Amino acid sequence: MIFGMIHLYWFVLPLVVAISLVYSASRHENWRLIWLHAGRLSTWILGILVLTTAVLLLINTQV
């Protein structure tokens with residue numbers, strides 16, 4: 001089965017981009033503003049996810 005070889009975390013990036021685009025489109029009507037806001041929001045979400053993952057990995061290695 002090919003889906004067994006795909007790691008689950010690869011689905012996070014398209015999901016974050018889709019969520020950011022939909023949220024930004026609900027706030028703005030201009031395409032330029034939608035893309036700018038979606039880019040900033042995606043960066044924030046991915047940064048928080050990476051930071052949280054790093055903290056949890058650090059805690060896990062200390063046990």
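Since we're looking at a predicted model, the values are computed, not measured.
The distance from atom CG of Leu46 to atom OG1 of Thr53, rounded to the nearest 0.5 Å, is 10.5 Å. How far CG of Leu41 is from CG of Leu36: 12.5 Å, rounded to the nearest 0.5 Å.
For Thr52 against Ile48, the heavy-atom pair with the smallest separation is OG1-O, 2.7 Å. What you find for Ser42 and Ser20 is that their closest heavy atoms are OG-OG, 3.0 Å.
Checked options Leu58, Ile59, Leu57; the residue passing with Val55 is Ile59 (criterion: side-chain contact (heavy atoms from CB on, under 4.5 Å)).
Placement of Val16 and Leu13 within a single hydrophobic cluster is found when ILVMFWY residues are connected by side-chain heavy-atom separations under 4.5 Å, directly or transitively.
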In residues 27-35, what donor-acceptor pairs under 3.5 Å come from side-chain atoms, sequence neighbours left out?
from: Arg27; atom 1: NE; to: Tyr23; atom 2: OH; distance (Å): 3.3
from: Arg27; atom 1: NH2; to: Tyr23; atom 2: OH; distance (Å): 3.3
from: Asn30; atom 1: OD1; to: Arg32; atom 2: N; distance (Å): 3.2

